[in-house]
Number of protein chains: 4
Amino acid sequence: MVLPPPVYDPPFRITRASHVVLEVSDLDASQSFYADVLGLILTSRDETTLFFRGIEEACHHSLVLRRSDRQPACARIGMRVLSEQDLDRAEVFFSQDHCPTAWVEVPHQGRTLHITDPVGVPLELCAQMTAVPRMITEFQLHKGGCAQRIDHCQILTPEVRRARDFYMSAGFRLSEYIASADDEVLLGVFLQRKGNPHDIVFFDGAGPRLHHFAYFTPQVHHLLLACDMAGALGFGREVERGPGRHGPGHAMYVYFRDPDGHRVELFNTHYQVMDMENQAVRWDPTDHKLSFPWGLPAQRKWFEEATSFLGVEPRPSTRQSNPLTLEKFLTS
Amino acid sequence: MVLPPPVYDPPFRITRASHVVLEVSDLDASQSFYADVLGLILTSRDETTLFFRGIEEACHHSLVLRRSDRQPACARIGMRVLSEQDLDRAEVFFSQDHCPTAWVEVPHQGRTLHITDPVGVPLELCAQMTAVPRMITEFQLHKGGCAQRIDHCQILTPEVRRARDFYMSAGFRLSEYIASADDEVLLGVFLQRKGNPHDIVFFDGAGPRLHHFAYFTPQVHHLLLACDMAGALGFGREVERGPGRHGPGHAMYVYFRDPDGHRVELFNTHYQVMDMENQAVRWDPTDHKLSFPWGLPAQRKWFEEATSFLGVEPRPSTRQSNPLTLEKFLTS
Amino acid sequence: MVLPPPVYDPPFRITRASHVVLEVSDLDASQSFYADVLGLILTSRDETTLFFRGIEEACHHSLVLRRSDRQPACARIGMRVLSEQDLDRAEVFFSQDHCPTAWVEVPHQGRTLHITDPVGVPLELCAQMTAVPRMITEFQLHKGGCAQRIDHCQILTPEVRRARDFYMSAGFRLSEYIASADDEVLLGVFLQRKGNPHDIVFFDGAGPRLHHFAYFTPQVHHLLLACDMAGALGFGREVERGPGRHGPGHAMYVYFRDPDGHRVELFNTHYQVMDMENQAVRWDPTDHKLSFPWGLPAQRKWFEEATSFLGVEPRPSTRQSNPLTLEKFLTS
Amino acid sequence: MVLPPPVYDPPFRITRASHVVLEVSDLDASQSFYADVLGLILTSRDETTLFFRGIEEACHHSLVLRRSDRQPACARIGMRVLSEQDLDRAEVFFSQDHCPTAWVEVPHQGRTLHITDPVGVPLELCAQMTAVPRMITEFQLHKGGCAQRIDHCQILTPEVRRARDFYMSAGFRLSEYIASADDEVLLGVFLQRKGNPHDIVFFDGAGPRLHHFAYFTPQVHHLLLACDMAGALGFGREVERGPGRHGPGHAMYVYFRDPDGHRVELFNTHYQVMDMENQAVRWDPTDHKLSFPWGLPAQRKWFEEATSFLGVEPRPSTRQSNPLTLEKFLTS
């Protein structure tokens, strides 16, 4: 497969995946789940909104939960740019690509640019947030999974190739991808800016929908404690997949569904990818050691269920999806 | 449920579960699995037999694998008694209960008594083995799961109540059990001599068959490394269940199938149970938090498949078994 | 060195080290230390007393802290016997050895026998305590070191040999000992009843004094979290030794001084020792890999400072003690 | 203290600390230490040189050990730049600052630029290395500390301020620094390019000398296993400091001395620092919770001993150094 070349001098500099804004039905249930099971720090709460950050994060929020009576949805995916100038350059870049943009005011964030990307994902970019203390050495505040910092989001879309081309033109580097032997099908792409395998991941499927967002966790025992806290606090059935080991990217992971069904991953360790000679790693979708080096594959709903973006109607994938689900595995 | 009283002054003193003797088809495949994935120390190997011990064990073997062309089977379950006198008293005790006994010569063991227990399990008792060095501080020899010492065996039998009564009369204490609300069904019993929850466990099912034997492992990260080594060495599909958390007994576990299909558990931590006031804990079989506090239940074959004892024809259970299998869970 | 033979049929059956009763100056400070740093469960508190237990313990207490304005001291070391009959036999046994005994009422304990052992240690024995729930799966209550259960006490005495002989006659088995090449000096003995390396340990020194008591901890990361919690809560200077690795017994350990200077160890993993063929392991006191396989030796105060027993005047050791202290190591 | 402003558009783009070139006296001893204790992967070895990389590293080497009969020294510190163009721009930049530069051929590296920085550190920059496989999922090859990737170097210099100003002008960001209350003394600066707290660190002292280089390690249990392997393989006395917790940067660490006395750190976890609002964190050198939140301070030699750079004569610091050493702490 011929890949677009890396863009070393991008028109503006996104630095990292930054935050996720979700709509939820019950702030108390969400607070219990994210604070006690995942171990996020509650920065602030008002009548309608919870602002969370990871235990190391010095920015005001990486997860925003807004109470709503609508169908639970993802309002927006947030990314950081390096400087205020980069924001202005981003506006130019996205406009040239006919992506809708708008300047908005967002509490606890600097100037913020709303964008809809070419595959329909509602993004927001900013260069600054309100600074708050890192809690990483406040061990008395650590709970459950000790979610340390947000790492990436995974999006389902019928247009993986388009997403890859667009994000690579914006300076993202392709760390890993999954493609069929005949190059016809591009099943998934892992794209990064911050020097580890992913800031944003796109997989083929009806979309755009948010498959999951992921927090990095210091140690595997924190992953297990998150599971145990889930069990102790009534969220035991929300451990949807794992603990297990990813083939690509090699992380140990657990996937949870939150009280509204939004999927969140905790994972531990990843590798650094920054160097010129680092070619994108290609994976074969028929190699099942990829999706589960040991143990059992994910259940069907892990492949199929995802969170819609607010006001965005998903379109189906033209591809006939055929993952090795747990259901198939058990009857094979 | 009225339980038999503990026998504080038993007629002879079993001290602990000691070893398992299995028949296998390929010594090389077995050695790779038990040495590199589970991390057992190979004490010695000859043309027909592998002798393994855990990294802390100072006795010659806790796992004996004998090459055979027969259907893979368990030849015998081993237990230790405190002294040579206890062996002689054991012979008297079992004979009184009409259990067949025989004195045999077994390499690397002291005087050894073969017995068939009342539910048909072939046991062997001895007071001594050849002493060998503990490898627990020989960190350069530690691999994979670092299996530290054998802990218990679990047996399927249609006669759980009979097994319980017999082993309690032999001085075993009941730490936990699972019974239906109406006292009609005794699903499982955890029996112990060494002061933690189990040396031998009986669950209802066609039997007698060996459901699994279990090694204690120092840390949860060793459990995970065993899984990762299984994946790296071609045994990834043999991770049959877990990593997960047991409700009763609280251990974190992984169940593997060895190259011949024998099931072995690695688990971490257990509690101490020695005191007079420690009543047996009763569990409700309809409480699924018991069998899986979080995540997914075990697949059907985990409930149904087991290793036959050599030359012992299993009898079916009269009870209609109805566990919550993974297969049922996924369609519910 | 000729060792006394093991007594397989002791006159009464101690089962395990059970509890420690300490006098302290400030209940609030002690509670913060033991609950938040070590992670013990507070079973109950009244005006003068804190009762703690480990997270797995089903008995009312394994640590009793009594407020006192006296010099902080250890009031008593507690051990369990198997049955009420064993208590009566213990009284006979100790009286025959001219050890003072007395029957006393102790809250939350069954019939309790006070004894002063031959080297002057005030013991108490009981067969039962008030039963309380195990908190081992109540993950939401786990803190800091997650101290799981009491394991052993270490005593300084000028009469190590006398202590060894007496406790072995009471059915304790010697798992490890430290003696000079010429057999003249018996520096330390590890004595056990419950099947791991130690319930009570005696080392040469001015005494009898309580050198430390020790809780078993599930995982090494709990040891480290105890240290981090100590740092976060103002007890950082009370981490007196470790984290490090013991040569004998192989455990990973941390030693803390509590707010009154009482020393408590957290440690992880130990081996099982139950079998006839398990000879006591002899250590050479001049082998420094024994006391510190890696890193730095303990500071002098770790060797010299200890807690007096209430009303018991320590006598000096006749032996010239000469351990390799950190102070010496740094100037060598 | 007025700090230089961050340079968001640096004249050339260093991406990360990349490698260290050391001279050693015995390749076999060095190989045993770095492969078995630290767990580095040996990429290749010839008569005079060992090339090592971390278990996740896809580049040919991050540690080069050259046999020499001279006094053990550090030949050079390596850094990566983003592209070949950045190399050319680096040459211009350093030349403008009157730093000597030279283009050299280095095996397994692309075009390489040698530079002496303003405080005398011999650097080398390149954009590419020979690509090799990541071993991060080859669990059967993992040993000891599982050193995952190189993270940073720490340099002693009498010119901390000059180093800070120069590296910040080259695009490094200051994440943390230690300064006296009166702003007179700048004790240490942590400078980074890759988005975590440090790629290069300068502390006040006779120099330039290499205080240590550091590898990131996946989990704290790998730190402990590195110590245990050191003990098992005869390097137990080379565990110079730790395991302990850093106040600044919060990492858990162990410092080793290699067979030639070069100091190497293994540490686990660090935080991400990329955002505009992340101000440099200032530390007070009189706050001892900074240097040791719990436990004991470092021994004097940790503060004073370091590796000279090949052919570079260290100059003394004009500042009267007065750290709280372990030696002082024990007599205070």
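In what follows, chains carry the letters A, B, and so on, assigned in the order in which the sequence lines appear, proteins first and then strands, with residues in each chain numbered from 1.
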Selection from Q85(D), E277(D), Q148(D) maximising heavy-atom pairs under 4.5 Å formed with chain A = E277(D)
ask   = Which answer fits V81(D), side chain, backbone, both or neither, if we ask what part of it has an atom under 4.5 Å from a heavy atom of chain A?
value = neither
query = Looking at E84(D), R134(D), H221(D), which one has more heavy-atom pairs under 4.5 Å with chain A than the rest?
reply = R134(D)
ask   = Judged by atom type as modelled, is there a donor-acceptor pair below 3.5 Å linking the side chain of R13(A) to the main-chain atoms of Y8(D)?
value = yes
message = Let me confirm one number: the CD-CG distance from E57(A) to N278(D), rounded to the nearest 0.5 Å.
response = 10.5 Å
ask   = Given the options L82(A), T15(A), V281(A), which has more heavy-atom pairs under 4.5 Å with chain D than any of the others?
value = L82(A)
key: Heavy-atom check, side chain of Q219(D) versus side chain of V220(A), under 4.5 Å   = yes
Inter-residue atom distance C59(A).SG - M276(D).CE, 0.5 Å rounding = 14.0 Å
inquiry  = For chain A, which candidate among A127(D), P293(D), G195(D), G110(D) shows the most heavy-atom pairs at distances under 4.5 Å?
reply    = A127(D)
ask   = Where on D86(D) is there a heavy atom nearer than 4.5 Å to chain A: the side chain, the backbone, both, or neither?
value = neither
note = dist T137(A):OG1 -> H246(D):NE2 (nearest 0.5 Å) comes out at 13.5 Å
task = Starting at NZ of K194(A), measure out to CE of M274(D) and round the result to the nearest 0.5 Å.
result = 7.0 Å
message = Minimum heavy-atom separation for Q272(D) and R16(A), please, with both atom names.
response = NE2-CD, 3.2 Å
